[in-house]
Amino acid sequence: MRIKVLYNENEGLLRIPAVLWTPHKRIVSDIVIDTGTPVTILNHTDAMLLNISRTKKAGLLRMGGNTYQSYIYNRFEIAFKNTEGKEVREQITIRIAKPKSNKIKELEKLDFFPNLMGLDFLNKGYKLVLDFKKKEFYLEK
Amino acid sequence: MVNTIELIDSYARDLIWFQNNFLEIQSKFEGKIIAVKDKKVIGYSGNLKKLLKDLQEKGVDYSEILIKTIPSKGQITVL
């Protein structure tokens with residue numbers, strides 16, 4: 001089973017379209033593959049759109065030169081479309097970064113971070129194929 | 001309610017359009033949050049709450065469209 005990854009050198013990010021679910025709400029969005037992060041991170045904008053409020057305080061996250069307080073949310077699912085046109089759904093515990101203060105600049109900086117698919121997600125049995133020569137980008141399970 | 005596969009298909013079309021036109025979009029909307037539907041920018045603002053309010057007033061369901069914050073020119077996203 002394969003899930004297509006979208007890549008365009010203009011933007012330079014590997015994105016997968018997905019539907020993000022909590023028990024109360026769903027939104028369509030995308031998630032950027034980041035093998036440099038051990039955990040999967042939901043960005044500030046999507047956390048707001050999903051109205052996620054009840055979270056458990058976790059460790060500090062260092063992103064883009066800034067340190068943020070992270071919160072854990074475990075009632076979260078991601079749905080993808082595989083290359084056969086079927087829905088693939090995975091449950092994953094995510095982290096949400098919040099500023100340590102209410103300064104508007106800190107909030108604005110967080111808006112620029114996309115959702116990040118970390119190694120914890122890939123470790124659910126996925127193979128990541130990135131062939132820039134053949135322009136083939138996909139996850140396989 | 002639109003089903004998951006239809007929602008992903010529609011979003012993927014807009015995401016590909018967004019990626020292909022990223023440099024042009026960035027030159028027009030750097031630092032803003034934009035909403036894209038059917039390969040068109042249907043709204044933008046410097047503030048997410050204001051953008052969501054504008055979309056609601058237009059009768060657009062923000063949970064079913066592409067919403068992206070556009071980094072400034074020369075800003076590279078290092079994750």
Side-chain angles (χ1 to χ4, degrees), chain A residues 3-21 25-37 41 43-51 63-65 77-82 84-89 104 107-118, chain B residues 1-27 29-38 43-53 55-56 60-79:
Chain A
I3 298 166
K4 197 175 170 186
V5 177
L6 301 176
Y7 173 75
N8 181 296
E9 61 188 20
N10 285 340
E11 191 199 18
L13 298 176
L14 296 156
R15 293 187 185 268
I16 308 177
V19 172
L20 313 179
W21 296 82
K25 201 165 168 62
R26 70 161 193 184
I27 61 165
V28 68
S29 187
D30 59 77
I31 187 159
V32 170
I33 296 173
D34 182 6
T35 58
T37 177
I41 300 170
N43 76 15
H44 181 247
T45 303
D46 283 355
M48 277 183 69
L49 295 178
L50 284 164
N51 295 333
M63 296 161 69
E77 289 186 341
I78 308 180
F80 303 105
K81 179 188 168 186
N82 69 17
E84 292 162 0
K86 292 181 180 162
E87 181 180 330
V88 179
R89 215 188 256 227
I104 292 172
L107 271 171
E108 284 176 347
K109 277 181 192 167
L110 266 181
D111 283 337
F112 288 98
F113 288 101
N115 296 318
L116 299 179
M117 177 186 282
Chain B
M1 188 188 265
V2 182
N3 78 41
T4 304
I5 296 297
E6 284 174 17
L7 206 50
I8 290 174
D9 281 344
S10 152
Y11 186 91
R13 284 192 292 274
D14 285 337
L15 181 59
I16 291 167
W17 176 84
F18 171 80
Q19 288 182 313
N20 288 341
N21 295 281
F22 179 74
L23 298 177
E24 192 185 334
I25 292 168
Q26 188 180 39
S27 70
F29 301 106
E30 62 177 317
K32 304 279 189 229
I33 307 164
I34 65 166
V36 175
K37 188 181 179 189
D38 299 330
Y44 68 93
S45 174
N47 179 284
L48 179 64
K49 284 182 181 169
K50 185 180 180 308
L51 176 63
L52 298 183
K53 193 179 168 214
L55 291 171
Q56 265 185 331
V60 177
D61 183 349
Y62 65 79
S63 69
E64 297 187 350
I65 62 166
L66 185 147
I67 293 176
K68 285 272 169 277
T69 303
I70 310 300
S72 301
K73 281 183 196 172
Q75 180 181 323
I76 297 169
T77 307
V78 179
L79 304 173

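Only this structure's heavy atoms are used, side chains among them; waters, hydrogens and symmetry mates stay out.
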Legend entry - B:Leu7 side chain reached by A:Arg26 side chain, heavy atoms, under 4.5 Å: yes
Inset, instruction - Give a yes or no on whether B:Tyr44 atom OH has more than 12 heavy-atom contacts from other residues, nucleotides or ligands under 6.0 Å away. - result: no
Legend entry - Gap between atom CD1 of B:Ile8 and atom CD of A:Glu87 - 0.5 Å precision: 6.5 Å
Legend entry - B:Ile70 versus chain A, the contacting section by heavy-atom distance below 4.5 Å: backbone
Legend entry - Exceeds 12 heavy-atom contacts within 6.0 angstrom, atom NZ of A:Lys25: yes
Legend entry - Reported CG-to-CZ distance for the pair A:Asp30 and B:Phe18, which is rounded to 0.5 angstrom: 8.5 Å
Inset, instruction - Quick one: which of B:Lys49, B:Glu64, B:Gln19 has the most heavy-atom pairs under 4.5 Å with chain A, could you say? - result: B:Gln19
Inset, instruction - Taking all non-hydrogen atoms of both residues into account, name the closest pair between B:Tyr11 and A:Pro17 and its distance. - result: CD2-CB, 3.9 Å
Inset, instruction - Find out whether A:Glu11 and B:Gln26 are in side-chain contact, i.e. whether some heavy atom of one side chain is under 4.5 Å from a heavy atom of the other. - result: no
Inset, instruction - Start with the C-alpha gap between B:Asn20 and A:Asn10, add the side-chain angles, then the distance that decides, and say whether side-chain hydrogen bond (donor to acceptor under 3.5 Å, both in side chains) holds. - result: CA-CA 7 Å; B:Asn20 288 341; A:Asn10 285 340; 5.7 Å; no
Inset, instruction - Can you tell me which residue pairs pass the salt bridge (charged side-chain N to carboxylate O under 4.0 Å, His left out) test with a partner in residues 5-17 of chain B, sequence neighbours excluded? - result: A:Lys81-B:Asp9
Inset, instruction - Calculate, to the nearest 0.5 Å, the distance between atoms CG and CZ belonging to B:Leu15 and A:Arg15 respectively. - result: 6.5 Å
Inset, instruction - Name the region of A:Thr45, side chain, backbone, both or neither, that has any atom closer than 4.5 Å to a heavy atom of chain B. - result: both
Inset, instruction - Pick one of side chain, backbone, both or neither for B:Ile65, based on which atoms fall under 4.5 Å of a heavy atom in chain A. - result: backbone
Inset, instruction - To the nearest 0.5 angstrom, please state how far the OG1 atom of B:Thr4 sits from the CZ atom of A:Arg89. - result: 6.0 Å
Legend entry - Heavy-atom proximity to chain B below 4.5 Å, by part of A:Lys86: backbone
